[in-house]
Amino acid sequence: MDPLSEVLFTMRAETVLLAQVEVRGRWAMRFPAYRHFKFGSVLEGNCWLWVEGSHERVHLHEGDCYLLTDGAPYCTASDLSAEPVDGVGLLSQGRCEDGIVRFGFGDTCTRVAGGRFTFPDEPAPLLLSLLPRLVHVPAGAAQTRQLQTVLELIGMETSREMPGKATVATSLSNMVLVQILRAHLESAQENAGWLGALTEKFIGPVLYAMHGDVARRWTLAGLASTAGMSRTAFAERFRRRVGKSPLAYLNGWRMILARAALSHEGQSLSTVAARLGYASDSAFSTAFKKAVGSSPGRFRQDALRPPSEDVLV
């Protein structure tokens with residue numbers, strides 16, 4: 001797999017919720033912290049969106065899409081001068097007709113279709129940290145044509161109740177997620193983090209090489225050679241683009257794969273250790289315990305324990 005596909009596959013999306021909201025008049029809403037990903041598209045009108053604590057205010061127009069990735073509280077509004085109120089409580093009072101939640105009165109209308117992903121594995125927060133906290137895809141951006149086709153289908157699915165809705169929601173939402181990230185990659189700038197690094201001519205080939213052969217005993221010299229740079233220049237550039245040193249990134253990715261394997265696969269610890277490039281079980285166990293805080297065996301026992309009946313909201 002390419003690195004992006006591998007990351008998304010390893011995250012194993014578990015829960016996908018889709019909804020369509022129509023709000024009229026002047027409004028501003030604040031939504032609390034959430035787990036993992038939220039995405040949306042403006043089907044009609046326009047609105048503002050920002051992550052709490054950030055100075056960036058994104059003005060969304062019809063056809064624009066967004067992706068929220070860090071779980072922080074966020075706000076959306078028709079007017080930046082309006083004081084945000086509790087969005088969950090406000091929308092719970094709305095009228096639900098044909099699957100669309102409607103609220104407010106007035107001539108101006110904003111209609112948004114969106115969804116939320118959650119991921120069952122503990123590696124998810126580590127993977128999410130590799131992505132920008134807010135991805136904005138304007139209607140005229142690259143990949144928009146493919147994205148708009150999927151979003152039209154989501155608009156149809158969220159405007160009515162039909163059998164098989166959950167299955168369709170999962171498929172469409174995964175397609176939206178990939179297309180949004182592709183669009184972001186097309187327009188990635190120097191500060192676009194890990195996603196932008198995938199297409200960078202020096203660091204991109206290194207990421208592909210590490211993900212393509214994670215068991216190889218990579219050295220800084222070998223990775224720098226893959227990039228065609230000196231070790232010092234490569235290490236500095238990699239850290240600036242990805243946020244970690246090359247070997248720290250590699251070790252972190254190995255631990256993410258280890259946690260996923262121990263949580264879902266029936267392979268022996270020896271097999272997992274060999275797959276990830278560790279010379280012995282003890283070397284793997286030492287590295288895993290240092291990174292995770294428990295032994296691989298204990299982690300597997302906890303991961304395979306039946307889940308509680310608590311509902312995640």
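Not measured: the values here are computed from a predicted model.
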Which word best sums up how the rings of Y74 and F31 line up, parallel for under 30°, tilted for 30 to 60°, or perpendicular for over 60°?
parallel
Connected via hydrophobic side-chain network under 4.5 Å: V214 and I203
yes
Check for me, please, whether M210 and L220 land in the same ILVMFWY cluster - side-chain distances under 4.5 Å, paths through other members count.
yes
Please examine the side chains of E56 and V51, heavy atoms only from C-beta on, and report whether any two atoms are closer than 4.5 Å.
no
R231 side chain to A224 main-chain N or O, any donor-acceptor pair under 3.5 Å?
no
State yes or no: do L60 and L80 share one hydrophobic cluster built from I, L, V, M, F, W and Y residues joined by side-chain heavy-atom distances below 4.5 Å, directly or via other members?
no
Only counting residues at least two apart or in another chain, list the ones meeting ring pair (Phe, Tyr, Trp, His ring centres under 6.0 Å) with H61.
H59
Nearest atoms (heavy-atom pairs only) where A291 meets M255
CB-CG, 3.6 Å
So CG of L223 and OH of Y249: to nearest 0.5 Å the spacing works out to 11.5 Å
Kindly say whether L247 contributes a backbone atom to a donor-acceptor pair with the side chain of N251 at under 3.5 angstrom?
yes
For the pair D64 (side chain) and A139 (backbone), establish whether a donor and an acceptor sit closer than 3.5 Å, ignoring hydrogens and angles.
yes
Residue pair Y66 / V58, side-chain heavy-atom distance below 4.5 Å:
no
Identify the heavy atoms of M29 and G87 that sit nearest to each other, and give their distance.
CB-CA, 3.8 Å
For residues L207 and F238, determine if any side-chain heavy atom of one lies less than 4.5 Å from a side-chain heavy atom of the other.
yes
Between the OH atom in Y208 and the OG1 atom in T226, the distance rounded to the nearest 0.5 Å is 15.0 Å
Do any N or O atoms from the side chain of R111 and from the backbone of Q20 form a donor-acceptor pair under 3.5 angstrom?
no
Indicate yes or no: at least one non-hydrogen side-chain atom of F202 is less than 4.5 angstrom from one of R241.
no
For L257 and R275, what are the C-alpha separation, side-chain angles and deciding distance, and is it a side-chain contact (heavy atoms from CB on, under 4.5 Å)?
CA-CA 10 Å; L257 293 177; R275 277 178 53 195; 5.7 Å; no
With a 3.5 Å distance limit and no angle check, can you tell me whether S78 reaches the backbone of W27 through a side-chain donor-acceptor pair?
yes
To the nearest 0.5 angstrom, please state how far the CZ atom of R116 sits from the CG atom of L68.
12.5 Å
With a 3.5 Å cut-off and no angle check, do the side chains of S280 and S282 form a donor-acceptor pair?
yes
Shared hydrophobic cluster for W218 and M229 (ILVMFWY, side-chain gaps under 4.5 Å)
yes
Spell out, as yes or no, whether a donor-acceptor pair under 3.5 Å connects the side chain of T108 to the backbone of R24.
no
Has W48 got a side-chain atom pairing as donor or acceptor with A28's backbone, closer than 3.5 angstrom?
no
Are V137 and F39 packed together at the side-chain level, in the sense that at least one heavy-atom pair is separated by less than 4.5 angstrom?
no
Residue pair A261 / V272: nearest heavy atoms and the distance that separates them:
CB-CG2, 4.2 Å
Assess the residue pair R133 and S54 against the criterion (side-chain contact (heavy atoms from CB on, under 4.5 Å)); give the C-alpha distance rounded to whole Å, side-chain angles, the decisive distance to 0.1 Å, and a yes or no.
CA-CA 10 Å; R133 67 193 315 203; S54 170; 4.1 Å; yes
Answer whether the closest heavy-atom distance between the side chains of P296 and S285 falls below 4.5 Å.
yes
In terms of heavy-atom contacts, does CE of M175 have more than 12 from other residues, nucleotides or ligands at under 6.0 Å?
no
With side-chain contact (heavy atoms from CB on, under 4.5 Å) as the criterion, how do L49 and L134 come out once you've worked through the C-alpha distance, each side chain's angles and the decisive distance to 0.1 Å?
CA-CA 10 Å; L49 174 70; L134 170 57; 3.9 Å; yes
Nearest non-hydrogen partners of E44 and E62, listed with the distance:
CA-OE1, 3.8 Å
Heavy-atom closest pair, residues G277 and R217
O-NE, 4.1 Å
Excluding sequence neighbours, so at least two apart, what forms side chain to side chain donor-acceptor pair (under 3.5 Å) with E236?
none
Starting at CG of D302, measure out to CG of L262 and round the result to the nearest 0.5 Å.
11.0 Å
In the hydrophobic clustering (ILVMFWY, side-chain contacts below 4.5 Å, transitive), which residues join F105, or is it alone?
none
Shortest non-hydrogen pair, S294 vs F299, comes out as OG-CB, 3.8 Å
Inter-residue atom distance R26.CZ - S81.OG, 0.5 Å rounding
4.0 Å
Rounded to the nearest 0.5 Å, what separation is found between the CZ atom of R298 and the NZ atom of K289?
10.0 Å
Mutual orientation of the aromatic rings belonging to Y278 and F284 [parallel < 30°, tilted 30-60°, perpendicular > 60°]:
tilted
